[in-house]
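Residue numbers begin at 1 in each chain, while the letters A, B, ... track the order of the sequences.
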Amino acid sequence: MLDKTYLPAEVEGAIYKRWEDSGVFAGGQPDRMAAGAKPYCIVIPPPNVTGSLHMGHALNNTLQDVLTRFERMRGKDVLWQPGTDHAGIATQMVVERQLMEKQEPDRRAMGREKFLERVWSWKAESGGTIINQLRRLGASCDWSRERFTMDEGLSRAVLKVFVDLYRQGLIYKDKRLVNWDPKLLTAISDLEVMQVETKGHLWHFKYPIKGEKNRFIVVATTRPETMLGDTAVAVHPEDERYSDLVGKFAVLPLVGREIKIVADEYADPEQGSGAVKITPAHDFNDFEVGRRHGLEMINIFDEHACINENAPEAYRGLDRFAARKRVVADLEAQELVEKIEDYTHTVPYGDRSNVVIEPWLTEQWYVDAATLAKPAIAAVERGETVFVPRNWEKTYFEWMRNIQPWCISRQLWWGHQIPAWYGPKFGEDGYPISGEYEVFVAPSEREAIEQAKNKYGANIRIEVLSDELRDLPLGPSVSHKADSPGPPHFTAIQLWRDPDVLDTWFSSALWPFSTLGWPEETPELARYYKTDVLVTGFDIIFFWVARMMMMGLHFMKEVPFHTVYIHALVRDEKGQKMSKSKGNVMDPLELIDEFGADALRFTLAAMAAQGRDIKLARSRVEGYRNFGTKLWNAARFLEMNECGRVAGFDPSSAAQTVNKWIAGEVEKAASQVTEAIEAYRFNDAANAIYHFVWHVFCDWYVELIKPVLSGSDEKAKAETRAMASWALDEALKLLHPFMPFITEELWTRLGEQGPAHETMLITAHWPRHSGLGGKAAADEIGWVIRFITEIRSVRAELHVPAGAKVPAVVVGAGKETAARVARHDELIRRLARIEEISLAKGAPKGAVQVVLDEATVALPLVDVIDISAETERLRREIDKIGAEISQLSKRLSDDKFVSRAPEHVVEEQRERMAEAEAATAKLREALKRLEAAA
RNA sequence: GGGCGGUUAGCUCAGCGGUAGAGCACUACGUUGACAUCGUAGGGGUCACUGGUUCGAUCCCAGUACCGCCCACCA
């Protein structure tokens with residue numbers, strides 16, 4: 001026997017284990033393969049290995065699981081490929097914080113190797129958290145294939161991609177300004193920089209003109225400290241105010257450097273004074289100006305953004321913000337500050353460190369993204385990959401068409417170390433050139449050494465500096481003998497490996513093929529690539545989707561997926577982004593504990609309408625928990641009424657009208673759910689099955705069959721039991737992708753009475769029907785439902801006590817109606833709380849009357865009801881229909897409408913008109929009778 | 001500056017060229033042998049505004065207002 005209430009917490013774990021142990025999650029099931037099943041593959045957006053499940057993950061993985069389970073039930077060979085991401089910066093930060101908390105030596109004191117060991121052991125310990133949380137959500141991933149971006153196999157893929165792209169000239173090293181994070185001490189990519197609107201100041205400084213007394217040129221800045229690195233002042237070439245100054249020099253205050261006044265179109269005459277200070281080493285625009293004019297680039301910051309030795313001594317060692325204050329104070333003391341304005345501008349912040357980013361001149365590795373983007377743009381243009389909803393393609397194109405070189409090197413330790421080795425570069429004089437070096441890019445140290453030998457000569461011994469020594473930036477280390485005059489004679493050359501690691505997204509970009517085994521030519525790679533659909537949030541279209549497109553096309557010559565489904569962000573019920581600082585975070589695991597994974601999943605799916613954010617309210621989760629209880633109790637009802645499964649039951653064989661009808665409703669629900677999931681309209685699918693279960697099956701079917709089940713017609717009873725059981729099973733299937741646990745539980749438990757199913761629900765066949773039900777059954781049950789509803793409505797409106805049973809008289813019934821009344825007499829009496837139904841030519845006096853098609857149903861309630869209230873009610877009805885009639889007649893008498901509107905529309909309006917007029921006539925008669933009685 | 005999206009019931013949202021829908025909330029009644037995590041019934045909407053297209057516009061087009069997001073720039 002089923003308990004009265006379903007308790008998710010007690011069964012979910014066991015059900016999940018049953019699925020997992022049975023191996024049904026795995027791709028390549030032999031029976032399916034044998035049956036020629038088509039492959040279906042989704043690769044999971046790998047969650048950060050340090051992470052724990054948040055609402056975004058819950059949504060993302062629910063939708064993937066809906067698709068996965070749906071396709072699995074449709075018989076496809078389904079692989080949902082799981083795994084986690086090493087998340088360079090995030091993970092390194094977590095472990096460093098841990099070291100700090102435990103008051104252990106920091107990572108630098110610890111050394112690279114020790115630190116990495118530490119990260120790995122941390123990963124071994126805590127890296128499984130989010131995977132287990134995905135299990136709690138019900139995710140049916142093939143865990144036997146779980147991958148990690150720093151796995152051996154995936155690392156091999158990373159190396160190959162790096163080396164290949166380098167050899168193809170698509171990866172290169174360049175010295176230019178990068179976004180430097182002075183807290184994390186690494187370069188970051190443009191995407192990792194957030195522009196934050198900030199209230200600050202605009203300082204206007206006066207730079208004296210060289211050789212002219214009391215003449216100044218005024219420049220404005222939001223970052224006064226950068227003036228220490230100024231190497232020019234620019235004015236617009238056509239700005240007449242300054243034309244005589246071009247080519248002259250200003251004397252940089254505090255520093256004393258003479259800086260040139262140059263003409264450059266970058267200077268905007270409209271803005272400020274029209275003259276702009278140029279700091280090529282610390283501003284992206286100034287860098288360009290500097291290049292154009294061959295200006296000196298003076299770097300005034302060290303890696304911590306403290307003033308370095310290139311600035312006057314007074315400022316050295318000062319942090320950038322302290323330096324700012326000092327510079328302003330010193331200029332004020334010299335009366336060189338013209339004015340200070342309040343100024344709102346955007347300031348770049350690191351998305352992980354949350355400190356102000358400085359443009360800083362360093363040498364970094366870049367990917368030539370513009371070249372790789374071309375095929376990726378074309379593929380979407382040709383429709384090889386389609387975005388759902390479609391409008392995200394615009395965003396994708398916009399970014400891809402303006403893509404900048406991708407800075408991929410990071411000055412971190414946790415990640416894929418760049419496979420580049422450096423050695424000294426020799427000049428023609430036979431001496432190493434200071435600051436220059438040879439680069440050997442190879443998939444292994446051995447191959448790098450080979451390359452070095454080719455370069456330096458086979459008889460030279462090549463050594464590779466150890467990890468501990470190589471963590472210095474650049475600068476060749478050469479061991480040689482120089483005991484005779486002339487160029488030195490080398491016996492050994494030392495190489496050192498680039499200490500940097502790759503941007504985490506570099507390995508993520510390979511995910512759709514690296515997880516399937518590439519660069520090996522595995523059967524999985526052949527079978528599942530390209531994958532089917534990528535499900536993700538719009539916030540990582542640039543970070544991830546675009547880059548997978550580029551890498552997939554370049555290395556596999558085929559797009560990584562045919563569809564990209566972009567879902568919304570989950571916000572709180574007020575529409576605020578969930579964040580720890582706002583304290584509005586909803587924890588999916590808490591919701592699962594409280595309401596069950598099914599309720600949470602269903603909520604997320606039901607709210608996942610395309611193109612909109614999800615504002616999640618607890619009350620919705622609670623409501624869908626109730627939905628589960630409702631389903632559970634319907635199953636309980638069937639169980640109590642011995643509705644067991646009948647093997648080989650054919651729903652089209654039903655003789656009872658109500659059974660034909662429900663079969664037709666099942667068919668309808670099945671096609672609605674199927675079509676909606678196919679179109680990624682998860683909300684429509686969820687609502688369709690919700691409506692079927694609650695408002696069709698529970699509200700009506702279960703009520704309609706009660707008289708049969710408690711009646712004495714054994715044949716009808718047997719058919720009904722079989723049909724009820726079948727219909728519920730079909731509903732369980734349709735609901736399973738959304739609520740896998742409760743449906744699987746019921747599937748099993750209901751087998752305890754009748755024959756059990758051969759398979760678990762997770763692998764049952766998805767419903768597909770045609771020709772069930774039929775119009776006659778639908779019309780008839782529709783009529784019964786309307787009859788009952790009308791009676792209930794009028795009873796409630798006229799305050800007929802709920803417990804009172806009253807007689808009903810059907811007046812003016814046609815042949816069909818009379819037959820229906822006879823067939824459903826007991827049913828109607830029970831559900832509308834009617835004592836007896838009779839047919840009559842004329843209505844009894846003083847009765848409540850409702851119009852039902854050609855007939856009028858009268859409830860003689862003279863003693864119970866208020867005649868004037870009923871009169872009032874009928875008048876209102878007449879008015880309501882009257883309004884419709886006048887609207888319709890106006891339309892129908894309009895020649896333009898009749899002649900131009902499509903035939904079927906006109907016909908429809910005529911029918912409605914006829915119906916409305918008939919109903920009005922009936923209502924008027926009813927009113928007349930009532931007044932006669934009064 | 002460029003782009004995208006939104007404005008429909010008290011709330012959260014679907015929808016659609018031809019009767020405006022759901023869930024939640026609300027009101028009244030109700031322990032009828034599955035279910036009070038429930039049942040029955042009900043109230044509630046000039047579909048932001050202004051024009052245009054159309055026989056007909058909440059829906060299509062243009063503009064306006066307000067809200068949100070993304071990208072770029074900022075002396």
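Here the rule is side chain to side chain contact (heavy atoms under 4.5 Å, CB included) with A:Y680, and of A:L63, A:I566, A:V388 only A:V388 fits it.
If you check the side chains of A:H204 and A:E341, you find a donor sitting under 3.5 Å from an acceptor. Side chains of A:E622 and A:S619: no donor on one and acceptor on the other come within 3.5 Å.
For the pair A:D286 and A:K277, the tightest heavy-atom approach, listed with the atom from each and the gap, is OD2-O, 3.4 Å.
Aromatic ring pairs are classed by plane angle as parallel below 30°, tilted from 30° to 60° and perpendicular above 60°; the pair A:F602 and A:F627 is tilted. Between A:Y6 and A:W632, the ring planes are tilted. Angles from 30° to 60° get that label.
An OP1 or OP2 oxygen of B:A75 is reached within less than 4.0 angstrom by no side-chain nitrogen or oxygen of A:H282. Listed pair A:K394 / B:C4 meets the phosphate criterion, a side-chain N or O lying under 4.0 Å from OP1 or OP2. Listed pair A:S899 / B:C55 fails the phosphate criterion, with no side-chain N or O lying under 4.0 Å from OP1 or OP2.
Atom-to-atom, CG of A:D283 to P of B:A75 comes out at 6 Å; the value is rounded to the nearest Å. Residue A:R876 contributes atom CZ, which lies 12 Å from atom P of B:G42 at whole-angstrom precision. Protein atom CD of A:Q195 is 9 Å distant from nucleotide atom C1' of B:C73, rounded to whole Å. Regarding A:W700, its CH2 atom lies at a distance of 8 Å from the P atom of B:U40, rounded to whole Å. Per the geometry, NZ belonging to A:K339 stands 15 Å off P belonging to B:A75, to the nearest Å. If you measure from atom CH2 of A:W399 to atom P of B:A72, you get 9 Å, rounded to the nearest angstrom. In this structure, A:D684 atom CG and B:G21 atom P are separated by 17 Å, rounded to whole Å. Across the protein-nucleic acid pair, A:W203 atom CH2 and B:A75 atom C1' stand 13 Å apart, rounded to whole Å.
When the C1' atom is used for both B:U19 and B:C59, the distance is 15 Å, rounded to whole Å. Nucleotides B:A22 and B:C60 have their C1' atoms positioned 26 Å apart, rounded to a whole Å. One C1' atom belongs to B:U53, the other to B:G39, and the distance between them is 49 Å to the nearest Å. For the C1' atoms, the distance linking B:A75 with B:A14 amounts to 49 Å, nearest Å. With both ends at atom P, the span from B:C61 to B:U54 equals 16 Å, rounded to whole Å. Taking atom C1' on both B:U58 and B:U46, the two are 11 Å apart, rounded to the nearest angstrom. Nucleotides B:C24 and B:G56, compared at atom C1', are 35 Å apart to the nearest Å. The separation of B:C11 from B:C26, taken at their C1' atoms, amounts to 11 Å, rounded to a whole angstrom.
Residue contacts for A:H904: at a heavy-atom cut-off of 4.0 Å it reaches no nucleic acid atom on any strand shown. Heavy atoms of A:D539 sit nowhere under 4.0 angstrom from any nucleic acid atom. A:F595 comes within 4.0 angstrom of no nucleic acid atom, judged by non-hydrogen atoms across all strands. Within the 4.0 angstrom heavy-atom criterion, no nucleotide atom of any strand lies near A:T395. Across all strands shown, A:Q271 has heavy atoms under 4.0 Å from base atoms, whether or not it also approaches the sugar-phosphate.
Between the side chain of A:E338 and the backbone N or O of A:V218, no donor-acceptor pair lies under 3.5 Å. The backbone N or O of A:V848 sits nowhere less than 3.5 Å from a side-chain atom of A:E870 that would complete a donor-acceptor pair.
A salt bridge between A:D894 and A:K890 is absent, with no side-chain N of the basic residue lying under 4.0 Å from a carboxylate O of the acidic one. Remark: A:K706 engages A:E703 in a salt bridge, criterion side-chain N to carboxylate O under 4.0 Å.
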Note to self: Treating primed atoms plus P, OP1 and OP2 as sugar-phosphate and everything else as base, which nucleotides of nucleotides 29-39 of chain B get B, S or - for protein heavy atoms under 4.0 Å?
What the structure shows: ---B-BBSBSS
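Mapping A:K880 and A:Y624 onto RNA chain B by nearest heavy atom places A:Y624 closer to the 5' end of the strand. Nucleotides of RNA chain B nearest to A:A267 and A:D894 differ in position, and the one nearer the 5' end is that of A:D894.
Out of B:G18, B:A14, B:A41, the shortest distance to the side chain of A:N683 is found at B:A14. Here the side chain of A:T789 is nearest to one of B:G23, B:G18, B:A41, namely B:A41. Closest to the side chain of A:N391, out of B:G5, B:A75, B:G23, is B:G5. Of the candidate nucleotides B:C70, B:G23, B:A75, B:C70 has the atom lying nearest to any side-chain atom of A:F542. Among the nucleotides B:C70, B:G5, B:A75, the one closest to any side-chain atom of A:V276 is B:A75.
Taking a pair to require two hydrogen-bonding distances under 3.5 Å in either a Watson-Crick or a G-U wobble arrangement, B:A48 pairs with B:U64. For B:U37, there is no paired base (Watson-Crick or G-U wobble, both distances below 3.5 Å). Using the Watson-Crick or G-U wobble rule with both distances under 3.5 Å, B:U54 pairs with nothing in any strand shown. Using N1 to N3 plus N6-O4 or O6-N4 for Watson-Crick, or N1-O2 and O6-N3 for G-U wobble, each under 3.5 Å, B:C26 pairs with B:G42. Of the nucleotides present, B:C71 is the one that pairs with B:G1 by Watson-Crick or G-U wobble criteria, both distances under 3.5 Å.
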